[in-house]
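Residue numbers start at 1 and run along the sequence shown.
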Amino acid sequence: MFSSMIQSLLSSSGQSSAMQRAVQMNNQINSINAQWTPVQKTAGNVPAAQGQVSFEKVLQAGAKAKFGDLLTNPSTRVNAKIYTDTASALQKPDYTNKTKIQELISRVSKKHGVDEKLVNAVVKQESGFNPNAKSKVGALGLMQLMPATAKGLGVTNPMDPEQNVEGGVKYLKSMLNKYNGNIILALAAYNAGPNAVDKYDGVPPYAETQNYVKSILSSYL
């Protein structure tokens, strides 16, 4: 029904490019056979709503938000924020794809002025480009952020690849600044913490940290 409504509007309004995009989104409904898990949005600590979200509802709410009064069904206004937020998430790249991860790394590295080749080497060492990686000590995601570190960097969801890389690159940049661009000390601090580097005035005598630095330098250089 929604598809025919939009198609009708297209024929009478001169092929609006915005509407064409809506039709393209609608066409995706028939090609995706995925089961949605309940989506929950929060306002502070209070759950705003949760429930099963269909592609059609996402599309309808997105169209409502974009095209004003094109849709008159009041149900499309229910939980519209949830649906539009979900629609936005749908448009994120597939970060199980290494190429997409490297594109993300490139974009974030340029933003913070860090060599993307170095960040690639860190991600390779930390998680092997696995966005779902979790360590035994609780480090999370592509750049293996500890929860407390992630929180301090403004990362609300360390398992979100975009937030994870943003936080990880920001932290690596801060270590590079702290040690005046010394990559070896910055990497050691990324692994063992700056307090350990300062305590030993160099790479700490920890086998894990020393091997970590050597491995990344090998990939980087």
Side-chain angles (χ1 to χ4, degrees), residues 37 39-45 47 81 85-199 203-204 206 208-209 211-220:
T37 55
V39 172
Q40 179 172 314
K41 293 292 178 182
T42 60
N45 294 321
K81 186 177 188 307
D85 285 353
T86 307
S88 176
L90 269 177
Q91 298 172 21
K92 284 188 177 183
D94 175 13
Y95 288 123
T96 60
N97 182 315
K98 183 178 176 181
T99 299
K100 295 300 181 183
I101 293 173
Q102 290 175 319
E103 290 173 359
L104 170 63
I105 289 170
S106 177
R107 183 171 71 252
V108 177
S109 298
K110 288 174 182 175
K111 174 183 174 181
H112 292 287
V114 179
D115 188 344
E116 68 179 85
K117 188 177 177 183
L118 177 61
V119 179
N120 267 288
V122 170
V123 172
K124 178 183 176 182
Q125 178 68 26
E126 291 285 359
S127 66
F129 295 94
N130 176 9
N132 300 313
K134 297 181 181 180
S135 77
K136 294 179 181 178
V137 297
L140 303 168
L142 288 167
M143 299 193 73
Q144 291 291 276
L145 300 179
M146 293 297 290
T149 302
K151 184 177 181 180
L153 293 164
V155 175
T156 57
N157 180 10
M159 298 307 293
D160 178 280
E162 293 182 3
Q163 288 194 46
N164 189 284
V165 172
E166 175 74 23
V169 172
K170 189 186 297 184
Y171 184 68
L172 181 60
K173 174 68 172 181
S174 71
M175 294 300 100
L176 287 165
N177 288 342
K178 177 177 174 63
Y179 296 108
N180 300 312
N182 187 314
I183 293 174
I184 292 175
L185 295 183
L187 291 174
Y190 193 96
N191 176 260
N195 290 339
V197 173
D198 294 345
K199 176 181 178 180
V203 179
Y206 312 148
E208 177 191 332
T209 301
N211 290 334
Y212 176 89
V213 172
K214 288 177 184 176
S215 179
I216 291 178
L217 288 178
S218 177
S219 295
Y220 175 59

Q) Taking only residues two or more places apart in sequence, or in another chain, which ones meet T156 in a side chain to side chain donor-acceptor pair (under 3.5 Å)? A)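 Scan of T156 (side chain to side chain donor-acceptor pair (under 3.5 Å), adjacent residues dropped) gives Q163.
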
Q) With sequence neighbours left out, which residue pairs that include part of residues 132-149 fulfil the side chain to side chain donor-acceptor pair (under 3.5 Å) condition? A)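 Side chain to side chain donor-acceptor pair (under 3.5 Å) check on residues 132-149 returns no pairs.
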
Heavy-atom pair with the smallest gap, counting every atom of [X] and [Y]:
X    : Y    : result
M146 : G138 : SD-C, 3.9 Å
Y190 : M143 : OH-O, 2.8 Å
A189 : M175 : CB-SD, 3.5 Å
N164 : G141 : ND2-CA, 3.4 Å
L153 : K170 : O-NZ, 3.6 Å
I105 : S109 : O-OG, 2.6 Å

Say you draw a straight line from [atom1] of [X] to [atom2] of [Y]; how long is it, rounded to the nearest 0.5 Å?
X    : Y    : atom1 : atom2 : result
L176 : L185 : CG    : CG    : 10.0 Å
Y95  : D160 : OH    : CG    : 8.0 Å
K214 : S219 : NZ    : OG    : 14.5 Å

Please tell me if the side chains of [X] and [Y] come closer than 4.5 Å, counting only heavy atoms from C-beta onward.
X    : Y    : answer
Q102 : N120 : yes
L145 : L140 : no
V155 : E166 : no
P131 : I101 : yes
K111 : S106 : no
E103 : T99  : yes
Y220 : D115 : yes

**Q.** Polar side-chain atom of Y179 near backbone of V197 as donor-acceptor pair, under 3.5 Å
**A.**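 Between the backbone of V197 and the side chain of Y179 there is no qualifying donor-acceptor contact (under 3.5 Å).
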
(Q) Has S127 got a side-chain atom pairing as donor or acceptor with V123's backbone, closer than 3.5 angstrom? (A)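 Checked: pair present.
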
Q. What do the steps show when you test D198 against K178 for side chain to side chain contact (heavy atoms under 4.5 Å, CB included), and what is the final call?
A. CA-CA 11 Å; D198 294 345; K178 177 177 174 63; 3.4 Å; yes

Q: Check whether the side chains of E126 and Y212 place a donor and an acceptor atom closer than 3.5 Å, and report yes or no.
A: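 Side-chain D/A pair, E126 to Y212: present.
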
**Q.** Lys/Arg cation over aromatic F129: K98, 6.0 Å, 45° cone
**A.**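 Yes, cation above the ring, under 6.0 Å and within 45°.
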
**Q.** Reference residue L187; test side chain to side chain contact (heavy atoms under 4.5 Å, CB included); the match among T209, L217, N182
**A.**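 So the option named by the test is L217.
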
Q | Residues L172, L118; criterion side chain to side chain contact (heavy atoms under 4.5 Å, CB included); working and verdict | A | CA-CA 10 Å; L172 181 60; L118 177 61; 4.2 Å; yes

